[in-house]
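Nothing fancy with the numbering, it's 1 onward along the sequence. Scope of the values below: all heavy atoms of this structure, side chains included, with no hydrogens, waters or symmetry mates. Bear in mind that the values here come from a model prediction, so they are computed numbers and not experimental data.
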Amino acid sequence: MSTSGPGRGRDDLGRALLAQHPRGEQWRQLDVTIANLTFDQITRMGSLGEEHASDRQAVRDRIIAGITDPELAGRLASRWIRWKDTFGLPMPAELDDPIAVLHHPYVLARQAAPNHSGWHKVVLPVFDAGLAIAAAGHDDEGVADYELLTAPWRQTCLPSRYTATSAYGPRSQAALRVLRHAEVTSATVVRRMGRACAAIDEQHWEAACAAVTEASIAWGFPLRARCLYWETVPAAEDAVGESPTDTSIVNALWGAAISQAFAGRLDSDTSALLASPWRTAGLPLPG
């Protein structure tokens with residue numbers, strides 16, 4: 001698996017910004033629910049998002065036009081890139097213009113051919129929820145905008161039985177311990193792990209990644225594996241003190257984390273291959 005896009009890590013919305021944001025907790029809920037979306041939920045959100053379509057577009061345009069803080073615009077655009085990768089959507093041609101990136105999923109949906117599968121439109125409620133949570137105002141108009149854009153997500157996903165500590169299933173803590181351990185491990189050791197990953201035959205690694213994707217779908221949570229990957233990115237960057245960092249380092253750390261989160265859902269050879277860079281670096285796994 002590989003990363004893509006600008007500002008691909010660094011905890012996209014920013015820990016400091018989230019700590020100060022009045023809707024910081026809703027953002028964290030959104031993150032957790034995306035990791036646990038089922039196909040049925042995605043379809044239901046898409047259907048609800050079709051209601052009042054023209055009103056929704058006017059609100060999106062108004063909220064985006066009101067984003068004057070370049071840091072917020074850049075961080076949201078970074079998250080859009082992450083979600084586009086997660087949902088398998090095409091990337092915008094202009095990655096250096098945050099406002100153009102924010103408009104892109106909506107432009108993509110409007111330009112989709114009539115015979116298109118509709119996937120571009122089905123996933124828009126996720127972008128709507130993120131836009132409203134992060135950037136809708138707090139006056140009466142802003143609250144109304146927030147309520148309209150987040151309604152499909154809230155009606156479909158809340159309340160959620162998952163939290164940040166269980167977002168990747170019953171073995172979430174084992175996976176997250178891998179990320180936390182890497183952040184306090186010597187950068188030299190983490191880079192050694194990355195070199196070990198880069199030395200693995202690319203076809204073998206890609207086959208293991210495909211097996212994880214299949215296992216995620218079979219589990220009923222098709223986005224869990226990719227969401228864990230994107231949680232791995234900032235952990236890898238923190239571990240070596242650089243952003244962006246080498247993709248092989250991210251892959252190595254993700255492989256170890258996913259081998260824990262998906263324990264019992266992957267065959268032994270696949271799990272061993274994914275964890276091998278971590279073990280080659282001489283690091284113990286939680287389970």
Side-chain heavy atoms under 4.5 angstrom apart, residues restricted to Ile, Leu, Val, Met, Phe, Trp, Tyr: same cluster for [X] and [Y]?
{"X": "V59", "Y": "V107", "answer": "no"}
{"X": "M91", "Y": "V123", "answer": "yes"}
{"X": "V126", "Y": "L158", "answer": "yes"}

Under 3.5 Å donor-acceptor, [X] side chain and [Y] backbone:
{"X": "T245", "Y": "G241", "result": "no"}
{"X": "H120", "Y": "P105", "result": "no"}
{"X": "N36", "Y": "A167", "result": "yes"}
{"X": "T156", "Y": "W153", "result": "no"}
{"X": "W278", "Y": "P284", "result": "yes"}

Mind listing the side-chain donor-acceptor pairs of residues 269-276 below 3.5 Å, one per line with the distance, residues two or more places apart or on another chain?
from, atom 1, to, atom 2, distance (Å)
T270, OG1, D267, OD1, 3.1
T270, OG1, D267, OD2, 3.1
S276, OG, L273, O, 2.6

Is any side-chain heavy atom of [X] less than 4.5 Å from a side-chain heavy atom of [Y]?
{"X": "Q29", "Y": "S160", "result": "no"}
{"X": "P244", "Y": "E237", "result": "yes"}
{"X": "C227", "Y": "I34", "result": "yes"}
{"X": "L131", "Y": "Y106", "result": "yes"}
{"X": "D246", "Y": "R191", "result": "no"}
{"X": "S216", "Y": "L223", "result": "no"}
{"X": "I258", "Y": "Y229", "result": "no"}
{"X": "P90", "Y": "K84", "result": "no"}

- Ring-face cation of R224 near Y162 (centre distance under 6.0 Å, axis angle within 45°): yes

- Should the pair R171 and F262 be classed as cation-pi, given the thresholds of under 6.0 Å to the six-membered ring centre and 45° from the axis?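 Relative to the ring axis of F262, which defines the angle, R171 lies outside at least one limit.
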
Step through the shown structure and confirm whether more than 12 heavy atoms of other residues, nucleotides or ligands are within 6.0 Å of [atom1] on [X].
{"X": "K121", "atom1": "NZ", "answer": "no"}
{"X": "D139", "atom1": "CG", "answer": "yes"}
{"X": "Q155", "atom1": "CD", "answer": "yes"}

- From CA spacing to verdict: side-chain contact (heavy atoms from CB on, under 4.5 Å), H138, Y146: CA-CA 9 Å; H138 300 281; Y146 166 86; over 6 Å; no

Over all heavy atoms of both residues, which pair between [X] and [Y] is shortest? Give the atoms and the distance, please.
{"X": "W219", "Y": "A261", "value": "CH2-O, 3.9 Å"}
{"X": "L76", "Y": "A134", "value": "CD2-CB, 3.9 Å"}
{"X": "A211", "Y": "L266", "value": "O-CD2, 4.0 Å"}
{"X": "G169", "Y": "S172", "value": "O-OG, 2.6 Å"}
{"X": "R177", "Y": "R180", "value": "CG-NH2, 3.1 Å"}
{"X": "A225", "Y": "V212", "value": "CB-CG1, 3.5 Å"}

- Task: Under the salt bridge (Lys or Arg N to Asp or Glu O under 4.0 Å) rule, what do R75 and D69 come out as? Steps first, then yes or no, please.
- Result: CA-CA 10 Å; R75 289 186 180 279; D69 179 356; over 6 Å; no

- So, Y168 versus Q260: side-chain donor-acceptor pair below 3.5 Å or not?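 There is no such pair between these side chains.
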
- When you check the side-chain N and O atoms of Q57 and R110, is any donor under 3.5 Å from an acceptor? yes

Spacing of [atom1] belonging to [X] relative to [atom2] belonging to [Y], to within rounding of 0.5 Å:
{"X": "L48", "Y": "M45", "atom1": "CG", "atom2": "CE", "value": "9.0 Å"}
{"X": "L72", "Y": "L102", "atom1": "CG", "atom2": "CG", "value": "8.5 Å"}
{"X": "M193", "Y": "T185", "atom1": "CE", "atom2": "OG1", "value": "7.0 Å"}
{"X": "I42", "Y": "S47", "atom1": "CD1", "atom2": "OG", "value": "14.0 Å"}
{"X": "I81", "Y": "T86", "atom1": "CD1", "atom2": "OG1", "value": "11.0 Å"}
{"X": "C157", "Y": "Q41", "atom1": "SG", "atom2": "CD", "value": "4.5 Å"}

- Query: Looking at R28 and E25, does any basic side-chain N land under 4.0 Å from a carboxylate oxygen?
  - Reply: yes

- Item | Full working for side-chain contact (heavy atoms from CB on, under 4.5 Å) between D31 and R79 | CA-CA 11 Å; D31 258 347; R79 181 52 66 106; 2.5 Å; yes

- Query: Any salt bridge (Lys or Arg N to Asp or Glu O under 4.0 Å) pairs touching residues 54-63, not counting sequence neighbours?
  - Reply: R60-D128, R62-E141, R62-D145

- Sequence neighbours excluded - ring-ring contact (aromatic ring centres under 6.0 Å, His included) pairs with any residue from residues 70-105: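 As it turns out, the ring-ring contact (aromatic ring centres under 6.0 Å, His included) pairs with a partner in residues 70-105, which skip direct neighbours, are W27-W83, W80-W83, W80-F127, W83-F127.
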
